[in-house]
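These notes are about the structure you will find just below.
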Amino acid sequence: RTVLAAAIVLPNHPAVATASRGNLFDGTEIEEALLLHIHTLSEGEQAAIAEQDPAVRAMLERARAATATDLGALHGAFTHVTPGGSGGPAPVTAGEASVTVGGRTFRRGDTVILRPSDRPGPDRRRDAFDLLLTGRTATIERIYLDTEDRAYLAVTVDDDPGRDLMRASGRFLFFFTDEVEVGT
């Protein structure tokens, strides 16, 4: 009767973090928590679960061998990205460089005119904010594909005074390809 959810956004091509100590069967970014939980088990509990499967036994051995330094390395990482690539490391650009849908090709950096859909359906939304954006020009900043290869265009509105802040913080507005026209 209760749903517990967390907003987790993965890039199109996720990879295991370099600090990872090995497969812990979760496929997520909570390795530190799992290692700490394993350390809370008694020796008897660890022995009982280690008997069940060789892969579990190997995972327990890795967890027991983890040092405080190893755990610290898993605690989190911050990758500094300089917008526009000026100074510092090259910017990380998530998503696809381009996508072709219905014979139309969309590329990062293209200008589009926003035409939010008013058709009913589970993928459609139309609210007051959409009405304000209709007809505005925007720049495609990212292109994401979901698990069904449906394309989402992440855009910034060209005349939005907060556009540079949105771009720098990675906060975008999302539209389906049939909700935009190719701009000029």
Side-chain angles (χ1 to χ4, degrees), residues 2-20 23 26-33 73-184:
T2 302
V3 175
L4 178 62
I8 299 173
V9 178
L10 294 174
N12 282 5
H13 308 286
V16 174
T18 56
S20 176
N23 181 7
D26 68 322
T28 66
E29 292 291 325
I30 60 170
E31 187 168 349
E32 178 188 19
L74 294 170
H75 189 62
F78 177 78
T79 303
H80 179 74
V81 177
T82 304
S86 58
V92 175
T93 304
E96 306 300 320
S98 67
V99 66
T100 301
V101 177
R104 296 188 305 165
T105 300
F106 300 89
R107 291 177 182 79
R108 265 186 267 145
D110 282 355
T111 299
V112 293
I113 300 169
L114 303 177
R115 302 281 185 217
S117 175
D118 60 358
R119 290 185 312 228
D123 296 336
R124 303 297 176 207
R125 82 278 184 266
R126 180 97 171 162
D127 59 26
F129 194 61
D130 287 341
L131 295 173
L132 295 172
L133 295 174
T134 299
R136 308 269 296 271
T137 62
T139 300
I140 299 173
E141 303 290 346
R142 305 279 192 277
I143 301 169
Y144 295 105
L145 300 177
D146 67 13
T147 57
E148 284 120 21
D149 287 331
R150 184 174 35 194
Y152 295 80
L153 304 177
V155 304
T156 53
V157 177
D158 291 343
D159 62 353
D160 180 351
R163 177 181 176 187
D164 291 336
L165 178 62
M166 300 299 278
R167 182 181 291 130
S169 63
R171 308 229 12 162
F172 307 110
L173 302 174
F174 291 87
F175 293 89
F176 292 109
T177 57
D178 65 348
E179 295 184 299
V180 301
E181 295 174 9
V182 176
T184 57

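Being a predicted model, the structure only gives us computed values, none of them experimental.
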Residues that [X] engages under side chain to side chain donor-acceptor pair (under 3.5 Å), provided they are two or more places apart:
{"X": "Arg136", "answer": "Asp159"}
{"X": "Ser98", "answer": "none"}
{"X": "Thr177", "answer": "none"}

Residues in salt bridge (Lys or Arg N to Asp or Glu O under 4.0 Å) with Asp160, at least two apart? none

Test salt bridge (Lys or Arg N to Asp or Glu O under 4.0 Å) applied to Arg107 - qualifying residues, sequence neighbours left out: none

Verify salt bridge (Lys or Arg N to Asp or Glu O under 4.0 Å) between Glu179 and Arg115, making sure each step is shown before the conclusion. CA-CA 5 Å; Glu179 295 184 299; Arg115 302 281 185 217; over 6 Å; no

Do other residues, nucleotides or ligands put more than 12 heavy atoms under 6.0 Å from Arg104 CZ? yes

By side-chain contact (heavy atoms from CB on, under 4.5 Å), Asp158 pairs with (sequence neighbours left out) Thr111, Thr137, Thr139, Arg163

side-chain contact (heavy atoms from CB on, under 4.5 Å) against Thr100, all qualifying residues, sequence neighbours excluded: Thr105

Considering all heavy atoms, the nearest Phe172-Arg142 contact: CE1-CG, 3.8 Å

Could you pull out the closest heavy-atom pair between Leu114 and Leu133, with the gap in Å? CB-O, 3.6 Å

Inspect the contact between Arg167 and Glu141 and indicate whether a charged nitrogen and a carboxylate oxygen are less than 4.0 angstrom apart. yes

Could you tell me whether the side chain of Asp110 reaches within less than 4.5 Å of the side chain of Val182, counting heavy atoms only? no

Would a line drawn from the ring center of Phe176 to the ring center of Tyr152 be shorter than 6.0 Å? yes

